[in-house]
Amino acid sequence: MSQFTFLREIKATLRALANPAQAAVLQRFFKTAPGEYGAGDAFLGIKVPVLRGLAKQYRYAAFGTVEALLQSEFHEERLLALLILVYAYEKAGAEQREKIATFYWEQRHRINNWDLVDVTTPQILGDFLADKSRAPLYQLAQSTSLWERRMAIMATLAFIRRHDFADTLRIAEMLLADGHDLIHKAVGWMLREIGKRDLAAEQGFLDRHAAKMPRTMLRYAIERFPEPLRQRYLNGAA
């Protein structure tokens, strides 16, 4: 089957699964109105578990097919493309993983909503950089792009899962003054993930920075703390 025919088959399958009522719900949920973070994004109305099933089915798609899907105006087509990369990466050897990670990096401008970042960046970029220089993440952390900054902190989930917290803490510190709540939530979430594994490491960061952390970031970070300890940080007594 030619790449063009394969791409046409994928798109036809997605159109057959489209649900306009669900699409309307998703457009509100992902803030697609003018001036909102997802302004202009369009949805077909297909749920993520369905897309995951299709991604496994199409995980052998060529980069050209994946790139064509990433150019789509429809959110689900971009998400499917990224999930295909995740499943292909999981099954790949070292050489192919490097190609997938490089392609992912080059296409990062199409990874342009929080869910697209969260379900793919740790699995591909974070995993690939786990035993390499993390310099690309510091580049992303300084980007003017909201989504690249979120990629920077979310990639470190792959390190956290290996009990490697240093880069998460450094990037979290870089993002303390970020103005967007989607960064506040992501940083707080990653700090909470550190705390699940090493509470002292998270508390050390909070003791240094809680007083100047955005409130949403702090609340996410201490969500699972025992209530007295949570209140201690919320009341600024740390």
Heavy atoms only: give me the nearest [X]-[Y] pair and the separation to one decimal.
X	Y	value
Ala155	Thr121	CB-CG2, 3.7 Å
Ala158	Gly126	CB-C, 3.4 Å
Ala39	Ala33	CB-O, 3.4 Å
Met154	Trp189	CE-CZ3, 3.5 Å
Asn19	Gly45	CB-O, 3.3 Å
Ala152	Ala141	CB-N, 3.5 Å

Please round to the nearest 0.5 Å and tell me the distance separating atom [atom1] of [X] and atom [atom2] of [Y].
X	Y	atom1	atom2	value
Thr102	Phe63	OG1	CZ	8.5 Å
Ser72	Leu44	OG	CG	7.0 Å
Arg192	Ile194	CZ	CD1	12.0 Å
Gln22	Lys47	CD	NZ	5.0 Å
Leu54	Leu83	CG	CG	10.0 Å
Thr168	Ile153	OG1	CD1	5.5 Å

Inset, instruction - Please indicate whether Gln139 has more than 12 foreign heavy atoms, meaning atoms of other residues, nucleotides or ligands, lying under 6.0 Å from its CD. - result: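 Enclosed.
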Inset, instruction - Step through the shown structure and confirm whether more than 12 heavy atoms of other residues, nucleotides or ligands are within 6.0 Å of CD on Glu95. - result: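 Open.
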In terms of hydrophobic clusters joined by side-chain contacts under 4.5 Å, are [X] and [Y] together?
X	Y	result
Ile100	Tyr60	no
Trp105	Tyr138	yes
Val25	Leu51	no

Inset, instruction - Evaluate the side chain to side chain contact (heavy atoms under 4.5 Å, CB included) criterion for residues Ile124 and Val86: first the C-alpha distance (whole Å), next the side-chain angles of each, then the deciding distance (0.1 Å), finally the verdict. - result: CA-CA 6 Å; Ile124 298 177; Val86 168; 3.8 Å; yes
Legend entry - Pairs involving residues 131-145, ordered by first then second residue, that meet salt bridge (Lys or Arg N to Asp or Glu O under 4.0 Å) (sequence neighbours left out):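 Sorted result for residues 131-145: Arg134-Asp164, Arg134-Asp167.
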Inset, instruction - Might you work through the side chain to side chain contact (heavy atoms under 4.5 Å, CB included) test for Met213 and Leu206, ending with a clear yes or no? - result: CA-CA 9 Å; Met213 286 171 69; Leu206 294 175; 3.6 Å; yes
Inset, instruction - For the residue pair His180 and Tyr37, categorise the inter-ring angle as parallel (less than 30°), tilted (30 to 60°) or perpendicular (more than 60°). - result: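 His180 vs Tyr37 ring planes: perpendicular.
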Inset, instruction - Classify the angle between the aromatic ring planes of Trp114 and Phe29 as parallel (below 30°), tilted (30 to 60°) or perpendicular (above 60°). - result: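 Perpendicular.
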Is there side-chain contact between [X] and [Y], with at least one heavy-atom pair below 4.5 Å?
X	Y	result
Val119	Leu82	no
Leu199	Phe225	yes
Leu26	Glu76	yes
Ile84	Leu69	yes
Leu157	Met190	yes
Tyr58	Thr65	no
Tyr220	Leu191	no
Leu125	Leu140	yes

Between [X] and [Y], do the side chains contain an N or O donor and an N or O acceptor separated by less than 3.5 Å?
X	Y	result
Arg78	Asn113	no
Thr120	Tyr104	yes
Glu67	Gln71	no

Sequence neighbours left out, what passes side chain to side chain donor-acceptor pair (under 3.5 Å) with [X]? Give chain and number order.
X	value
Lys212	His209
Arg162	Asp127
Lys11	Glu77
Arg219	none

Inset, instruction - Please determine if Arg150 and Asp118 form a salt bridge, counting it only when a charged side-chain N lies under 4.0 Å from a carboxylate O. - result: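 Judged by the 4.0 Å cut-off on N to carboxylate O distance, Arg150 and Asp118 do form a salt bridge.
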Legend entry - SB check Glu173 Arg170 (cutoff 4.0 Å):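 Here Glu173 does not pair with Arg170 in a salt bridge, since their nearest N and O are not under 4.0 Å apart.
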For the side chain of [X] and the backbone of [Y], is there at least one donor-acceptor N/O pair under 3.5 Å apart?
X	Y	answer
Glu202	Asp198	no
Arg59	Tyr87	no
His184	Leu218	no
Arg15	Ala12	no

Legend entry - Audit row: Thr32, Phe43, side chain to side chain contact (heavy atoms under 4.5 Å, CB included) steps and yes/no: CA-CA 10 Å; Thr32 62; Phe43 286 79; 3.8 Å; yes
Legend entry - Results of side chain to side chain contact (heavy atoms under 4.5 Å, CB included) for Arg197 - residues two or more places apart only: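 Counting only residues at least two positions away or on another chain, Arg197 forms a side chain to side chain contact (heavy atoms under 4.5 Å, CB included) with Ile160, Arg161, His163, Phe165, Glu193.
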Inset, instruction - Take Leu70 and Phe103 through the test side chain to side chain contact (heavy atoms under 4.5 Å, CB included) and record every step on the way to the result. - result: CA-CA 11 Å; Leu70 280 172; Phe103 177 81; 4.2 Å; yes
